[in-house]
Amino acid sequence: QVQLVESGGGLVQAGGSLRLSCAASGRTFSSYTMGWFRQAPGKEREFVASITWGIGSTSYADSVKGRFTISRDFRDNAKKTVVLQMNSLKPEDTAVYYCAAKGPVAARYDSWGQGTQVTVSS
């Protein structure tokens, strides 16, 4: 497993932007997949976006395509940081956002961050 720490949540008006970061440590994971999930009150946790650390291939939920971008931040080699840039935010994007990681042979994400709140006001 790896340790994950999210940051960057907050309150923003509809149409605004937020940038979430997830700093990972604990293992080398060139072949790991890093993902973002979210859970709104009364709803199940849902997939938002993912990226493979080594190759950088990405995947997005239909609800965020064209608005959210997931990327790798290479500025600090000591930390493997994944960024979720969220633009054109909508009230329905309000949720607790979680960073997660899984190894190359794992069927499910097995490392999770503590979550960060994103609130979009109308």
Side-chain angles (χ1 to χ4, degrees):
Q1 288 190 344
V2 299
Q3 290 75 48
L4 304 171
V5 179
E6 303 106 330
S7 61
L11 173 65
V12 65
Q13 288 188 334
S17 299
L18 280 175
R19 184 176 184 268
L20 305 184
S21 294
C22 174
S25 61
R27 296 190 63 173
T28 57
F29 51 92
S30 61
S31 55
Y32 266 57
T33 297
M34 306 288 289
W36 285 97
F37 291 76
R38 66 187 182 186
Q39 187 167 21
K43 295 188 177 181
E44 293 187 354
R45 186 175 297 183
E46 65 176 1
F47 170 79
V48 175
S50 66
I51 187 168
T52 56
W53 182 260
I55 300 174
S57 60
T58 59
S59 180
Y60 295 92
D62 288 342
S63 59
V64 306
K65 282 181 181 177
R67 300 188 298 121
F68 291 11
T69 302
I70 188 170
S71 62
R72 300 162 294 173
D73 186 343
F74 294 107
R75 290 177 294 178
D76 186 347
N77 287 329
K79 297 180 181 179
K80 308 296 185 184
T81 301
V82 172
V83 173
L84 184 69
Q85 178 65 43
M86 305 185 294
N87 299 328
S88 301
L89 283 162
K90 305 175 181 180
E92 51 263 44
D93 294 319
T94 295
V96 177
Y97 284 69
Y98 296 90
C99 179
K102 63 176 180 176
V105 297
R108 297 182 177 183
Y109 288 85
D110 54 8
S111 297
W112 293 86
Q114 80 284 356
T116 185
Q117 178 70 45
V118 171
T119 302
V120 184
S121 63
S122 57

Participant: Between P91 and A14, which heavy-atom pair has the shortest distance, and what is it?
Facilitator: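 It is CD-CB, 4.1 Å.
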Participant: Which heavy atom in L4 sits nearest to a heavy atom in Q114, and how many Å separate them?
Facilitator: O-OE1, 3.8 Å
Participant: Indicate, with yes or no, if W53 and W36 share a hydrophobic cluster defined by side-chain heavy-atom contacts under 4.5 Å among Ile, Leu, Val, Met, Phe, Trp and Tyr.
Facilitator: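 Yes; W53 is reachable from W36 via cluster members.
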Participant: Does one hydrophobic cluster hold both I51 and V83, with members joined at side-chain heavy-atom distances below 4.5 Å?
Facilitator: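 No, I51 does not connect to V83 through the hydrophobic network.
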Participant: May I ask you to decide whether K90 forms a salt bridge with D93, counting only side-chain N to carboxylate O separations under 4.0 Å?
Facilitator: no
Participant: Out of curiosity, F68 CZ to T58 OG1, how far, rounded to the nearest 0.5 Å?
Facilitator: 14.5 Å
Participant: For the pair T119 (side chain) and L11 (backbone), establish whether a donor and an acceptor sit closer than 3.5 Å, ignoring hydrogens and angles.
Facilitator: no
Participant: Going from SG on C99 to OH on Y109, what distance comes out if it is rounded to the nearest 0.5 angstrom?
Facilitator: 9.5 Å
Participant: Kindly assign one of parallel, tilted or perpendicular to the pair F47 and F37, based on the angle between their ring planes and the thresholds 30° and 60°.
Facilitator: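 Rings of F47 and F37: perpendicular, over 60°.
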Participant: Can you name the nearest heavy-atom pair linking L18 to L89, along with the distance?
Facilitator: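 Here L18 and L89 meet closest at N-CD1, 3.8 Å.
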Participant: Decide yes or no for M86 and Y97: does some side-chain heavy atom of the first lie under 4.5 Å from some side-chain heavy atom of the second?
Facilitator: yes
Participant: Distance from E92 atom CD to S122 atom OG, nearest 0.5 Å?
Facilitator: 10.0 Å
Participant: What's the separation between atom CZ in R38 and atom CG in L84, rounded to the nearest 0.5 Å?
Facilitator: 9.5 Å
Participant: Same cluster or not: V82 versus V96, using hydrophobic residues (I, L, V, M, F, W, Y) connected whenever any side-chain heavy atoms lie under 4.5 Å apart?
Facilitator: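 In one cluster: no.
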Participant: So which atom in T69 and which in Y60 form the shortest heavy-atom distance, rounded to 0.1 Å?
Facilitator: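 Taking every non-hydrogen atom into account, CA-OH, 3.4 Å.
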Participant: Are R45 and W112 side-chain neighbours, meaning at least one heavy-atom pair lies under 4.5 Å?
Facilitator: yes
Participant: Can you name the closest pair of heavy atoms from Y98 and G115 and give their distance?
Facilitator: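 Closest pair (atom of Y98, atom of G115, distance): CD2-CA, 3.6 Å.
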Participant: For the NZ atom of K102 and the OG atom of S111, what is their distance to the nearest 0.5 Å?
Facilitator: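 If I round to the nearest 0.5 Å, the distance is 12.0 Å.
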Participant: Ignoring hydrogens, what is the shortest heavy-atom contact between V120 and T94? Give both atom names and the distance.
Facilitator: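 Closest pair (atom of V120, atom of T94, distance): N-OG1, 2.9 Å.
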Participant: Supply the atom-to-atom distance S121 OG to Q13 CD, rounded to the nearest 0.5 angstrom.
Facilitator: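 One finds 5.0 Å between OG of S121 and CD of Q13.
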